[in-house]
Amino acid sequence: MTRGTKTSLPPFLESLAPDFSVPYINALFPASDDIPPVHVHWWPCKRVGLSPSTILLFIPGNPGMIDFYHPFLTAIHNQDRSGTLAILSHSHIGHDPAAPASHTPFNHALPFQIQNSLRIFDVMSIYFGANTRTVIAGHSVGSWVALQVLKLRSTAVAGVFFLFPTLTDIACTPNGRLLSRLFRPPFPRIVSQVARLLRFMPLTILCRLFPQYPISQARVLQSFLLSPSSIFAAMTMAHDEMLSIRELDVTTLDTYRNQIWFYFAETDDWVDQGRETILQVFKADPGTVKVVHGHYGIPHAFCINHSEELAAECYEWLVSGGFV
């Protein structure tokens with residue numbers, strides 16, 4: 001059976017408007033288990049007619065719009081020489097204007113985002129079977145979600161890449177202390193409604209406000225800012241992050257230390273002292289965990305300007321882990 005070729009999708013995904021100018025397929029993971037549909041990107045393996053030997057499942061940060069990450073994931077896919085690596089990225093519930101909006105506030109909370117990742121992981125695992133390994137990569141809060149998937153599906157997860165991971169006490173970081181009040185009700189509703197005024201802002205002005213953004217990433221940011229429901233979902237989830245991401249799950253990290261990789265920024269105001277707290281888990285036997293301390297100038301929001309550097313690192317992890 002041919003699975004995941006360039007011209008077709010796995011049957012658990014629904015195609016969106018095709019765009020043959022990009023190397024991935026735009027799709028939806030449909031609603032299930034009282035969870036609304038979410039936007040996904042699918043990079044099939046290069047060898048047509050084969051099931052992938054490894055799937056990289058990517059979980060984004062916040063805002064969880066996967067369009068921010070396609071240069072990063074495309075760069076990983078381009079480097080693959082095995083021809084049997086496939087990649088699936090998915091948005092968070094309610095964050096992505098490409099998917100139908102969810103109007104139920106509790107659907108944006110972290111427990112539902114975990115369920116969203118779990119249902120995608122489970123369906124993918126069932127369809128592709130035991131001969132296909134799944135490696136999860138998570139960015140920022142996506143790392144925390146990935147950790148929950150590892151904890152709950154440990155026997156089916158081949159490895160986890162934690163990129164700029166916010167795994168502990170996010171409210172106590174410099175950015176957490178600065179912004180946490182803004183995420184509390186009623187501010188998400190107020191900010192999302194005020195953002196309607198941004199529809200009158202031309203892209204040129206947005207580019208001047210965010211000069212570090214390439215034009216393609218500025219367009220993604222614009223689509224997010226023009227979606228009040230996406231802003232509300234992202235801010236509501238951020239509030240739950242401040243409340244829920246507290247004590248580090250030392251047991252899970254220690255148990256699966258041989259299956260995890262970390263990438264930390266030199267300076268990261270969303271991680272801060274959390275990096276040392278995480279590394280302390282492995283102090284007694286540091287050789288069992290793979291840790292990269294990022295190069296100077298690569299920020300927490302690496303996907304804006306540093307996709308190639310992170311893609312090279314992640315692909316090296318895929319090679320060294322025997323996944324490709």
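- For the residue pair H108/D240, the side-chain donor-acceptor check at 3.5 Å is not satisfied.
- Judged by the 6.0 Å distance and 45° axis criteria, R181 is not positioned over the aromatic ring of F187.
- Ionic pairing of D67 and R219 is not present here: no N-O contact between side-chain nitrogen and carboxylate oxygen is shorter than 4.0 angstrom.
- In this pair, F323 and W261 present their aromatic rings perpendicular. The plane angle is above 60°, beyond the 30 to 60° band.
- Classification of D122 and R119 as a salt-bridged pair fails, no side-chain N sitting under 4.0 Å from a carboxylate O.
- Counting heavy atoms from C-beta outward, Q113 and W144 have side chains that stay 4.5 Å or more apart.
- Ring-plane geometry between H293 and F264 is classed as parallel, the angle between the planes falling under 30 degrees on a 0 to 90 degree scale with a further cut at 60.
- I66 and L56 are assigned to two separate hydrophobic clusters, defined by single-linkage of ILVMFWY side chains at heavy-atom distances under 4.5 Å.
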Does the side-chain contact (heavy atoms from CB on, under 4.5 Å) test come out yes or no for V157 and F121, once each step is laid out? CA-CA 9 Å; V157 176; F121 180 90; 3.7 Å; yes
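- A donor-acceptor pair under 3.5 Å links the side-chain atoms of K46 to the main chain of H77, judged by distance alone.
- For the pair S143 (side chain) and G138 (backbone), a donor-acceptor distance under 3.5 Å is present.
- The residue from T84, T132, N131 that alone fulfils the side-chain hydrogen bond (donor to acceptor under 3.5 Å, both in side chains) condition with S53 is T84.
- Counting heavy atoms from C-beta outward, L206 and L203 have side chains that approach closer than 4.5 Å.
- Between the side chains of H300 and D269, no donor-acceptor pair of N or O atoms lies under 3.5 Å.
- Here S180 contributes atom OG and L243 contributes atom CG; the two are 9.0 Å apart, rounded to the nearest 0.5 Å.
- Ring-centre distance between F224 and F68: not below the 6.0 Å cut-off.
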Ring pair (Phe, Tyr, Trp, His ring centres under 6.0 Å) between F164 and F302, worked out: CA-CA 9 Å; F164 309 87; F302 76 91; 5.5 Å; yes
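- Side-chain atoms of T74 and Y24 form no donor-acceptor pair, as typed in the model, at a separation below 3.5 Å.
- Atom OG1 of T277 and atom CG of D169 lie 7.0 Å apart (nearest 0.5 Å).
- For Q273 (side chain) and C172 (main-chain N/O), no donor-acceptor pair under 3.5 Å exists by modelled atom type.
- At a threshold of 4.5 Å between side-chain heavy atoms, the hydrophobic network of Ile, Leu, Val, Met, Phe, Trp and Tyr places V22 and L16 in two separate groups.
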Run the side-chain hydrogen bond (donor to acceptor under 3.5 Å, both in side chains) check on E241 and N62 step by step: do they pass? CA-CA 10 Å; E241 292 173 43; N62 187 357; 2.9 Å; yes
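- Between the side chains of D33 and Q115, not a single donor N or O lies within less than 3.5 Å of an accepting N or O.
- One N or O on the side chain of D80 and one on the backbone of S82 form a donor-acceptor pair closer than 3.5 Å.
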Check against side-chain contact (heavy atoms from CB on, under 4.5 Å), V141 and M237: CA-CA 10 Å; V141 68; M237 176 174 155; 3.7 Å; yes
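- Proximity of a side-chain donor or acceptor of T168 to a complementary backbone N or O of E247 within less than 3.5 Å is not detected.
- Between R275 and D268 there is no salt bridge, since none of the side-chain N atoms of the basic residue sits less than 4.0 Å from a carboxylate O of the acidic one.
- Using a 4.5 Å cut-off between side-chain heavy atoms of Ile, Leu, Val, Met, Phe, Trp and Tyr, with links allowed through other members, L73 and V319 fall into the same hydrophobic cluster.
- Side-chain atoms of S91 and V40, non-hydrogen and from C-beta on, never get closer than 4.5 Å to each other.
- Separation of atoms CE (M65) and NE2 (H95) is listed at 10.5 Å; rounding is to 0.5 Å.
- Paired with F262 under the rule side chain to side chain contact (heavy atoms under 4.5 Å, CB included), one option of L167, L163, V292 passes, and it is L167.
- Residues T173 and N175 bring no donor and acceptor atom of their side chains to less than 3.5 Å of each other.
- Hydrophobic clustering (side-chain heavy atoms under 4.5 Å, transitive across Ile, Leu, Val, Met, Phe, Trp, Tyr) keeps I231 apart from L197.
- T236 places no side-chain N or O within 3.5 Å of a backbone atom of A233 that could act as its donor or acceptor partner.
- Counting only heavy atoms from C-beta outward, the side chains of V149 and L118 approach each other to under 4.5 Å.
- Of the possible donor and acceptor atoms, one in the side chain of H92 sits under 3.5 Å from a partner among the backbone N and O of P60.
- Atom NZ of residue K290 and atom CD of residue Q259 lie 8.5 Å apart, to the nearest 0.5 angstrom.
- Residue L57 holds its CG atom at 9.0 Å from OG of S125, rounded to the nearest 0.5 Å.
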List the steps and the verdict of side-chain contact (heavy atoms from CB on, under 4.5 Å) for I260 and V289. CA-CA 6 Å; I260 57 182; V289 66; 3.9 Å; yes
Let's go through I120 and L88 carefully: what are the C-alpha distance in whole Å and the side-chain angles of both, what is the deciding distance for side-chain contact (heavy atoms from CB on, under 4.5 Å) to 0.1 Å, and is it a yes or a no? CA-CA 10 Å; I120 294 171; L88 178 68; 3.7 Å; yes
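- Judged purely by atom type and a 3.5 angstrom limit, H90 has no side-chain atom pairing as donor or acceptor with the backbone of N116.
- With a 4.5 Å cut-off on side-chain heavy atoms, L182 and V191 count as touching.
- Using a 4.5 Å heavy-atom threshold, the side chains of Y263 and F162 count as separate.
- Panel note: side chain T166, backbone V271; no donor-acceptor pair is recorded below 3.5 Å.
- Under a cut-off of 6.0 angstrom, the local environment of CZ in R153 is crowded, with over 12 non-hydrogen atoms contributed by other residues, nucleotides or ligands.
- Taking the centre of each ring, W317 and F161 come in below the 6.0 Å mark.
- I304 contributes atom CD1, which lies 4.5 Å from atom CD of Q217 (distance to the nearest 0.5 angstrom).
- By the rule that hydrophobic residues join a cluster once side-chain heavy atoms approach within less than 4.5 Å of another member, M201 and Y213 end up as members of one cluster.
- Although no hydrogens or angles enter the test, the distance criterion places a donor-acceptor pair under 3.5 Å between the side chain of D249 and the main chain of T252.
- When all heavy atoms of G61 and Y69 are compared, the pair lying nearest together is N-OH, 3.0 Å.
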